[in-house]
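Counting starts at 1 for both ligands and their atoms, following the listed order.
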Amino acid sequence: MDEKELERYARHILLPEIGGAGQARLLGAKVLVIGAGGLGSPVILYLAAAGVGTIGIVDDDAVDLSNLQRQIVHATERIGDAKTSSAAAAVAAINPGVTVVPITERLNAGNATRIIADYDIIADGSDNFETRFLVNDACFLAKKTLVSAAILRFDGQLSTFKAHAGDGHPCYRCLFPEPPPPDLVPTCAEAGVMGALCGVMGSLQAAEVIKEITGAGESLSGSLLIFDGLRTEFRKIKMHPDPACALCGADATIKALG
Ligand code: ZN
């Protein structure tokens with residue numbers, strides 16, 4: 001690290017759990033953020049500020065006026081721009097030392113393996129179950145750590161999945177074996193979401209990514225954190241691997257995406 005980097009990251013380097021070695025790991029890390037929306041915004045901003053060396057951003061959408069109530073990586077002057085390039089502009093303003101890889105594609109079974117391959121850790125902030133299951137499967141098959149968050153109305157969930165690491169680590173399918181029928185679960189576009197809730201959950205998601213990279217503290221793998229924003233209550237529920245899981249169980253049937 002040069003003198004400017006030592007100054008920029010001084011408050012991390014002071015922490016014994018991160019220190020110079022942890023900061024060096026952050027500078028060398030490659031994180032893929034799926035969705036530059038409500039959750040992706042704080043994730044991208046905090047990872048950029050933290051000096052994560054390479055941030056890939058997957059999103060095929062453009063910035064819309066109705067996004068700006070919560071998607072704080074974007075700006076009024078960038079309405080109509082691709083969310084990937086808008087987020088890249090915000091990252092450049094915070095920390096020009098970070099390399100952003102804009103991936104302006106919709107993640108699907110055909111491209112997920114290729115896109116994920118280049119990264120150490122995946123942060124999923126997508127807004128639908130189809131993508132969430134696809135990312136979980138792709139990460140397990142590629143042996144990548146996944147930090148996954150979800151939000152709706154005033155409620156949030158967060159966990160880390162690394163079932164490839166072996167005993168005691170569940171995957172997302174251990175918890176939810178199948179996606180719910182699409183018409184059963186409302187989206188934020190249908191049901192609404194408090195903007196600041198995205199900041200609460202996205203900031204926690206960024207913190208867990210930083211912990212996974214630096215090894216600070218305890219991993220959230222094996223626990224599901226649930227936030228009730230109306231009561232301002234957190235609950236942490238223990239999760240166990242499902243031996244019958246179709247993805248990570250002993251007799252797994254899912255061997256490829258699609
Ligand atoms: Zn599983």
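When all heavy atoms of Cys174 and His240 are compared, the pair lying nearest together is CB-O, 4.1 Å. Pro102 approaches Thr84 most closely through the heavy-atom pair CB-CB, 3.7 Å. Shown here for Cys245 and Arg173, the closest heavy-atom pair between the two residues is SG-CB, 3.8 Å.
Among the candidates His169, Lys211, Glu212, Glu208, the single residue satisfying the side-chain hydrogen bond (donor to acceptor under 3.5 Å, both in side chains) test with Ser219 is Glu212.
Protein contacts to the Zn ion (ligand 1) involving N, O or S atoms at a distance below 2.8 Å are Cys171 SG, Cys174 SG, Cys245 SG, Cys248 SG.
With 3.5 Å as the limit, one finds no donor-acceptor pair spanning the side chains of Glu17 and Thr214. The closest side-chain donor-acceptor pair between Thr54 and Thr99, if any, does not fall under 3.5 angstrom.
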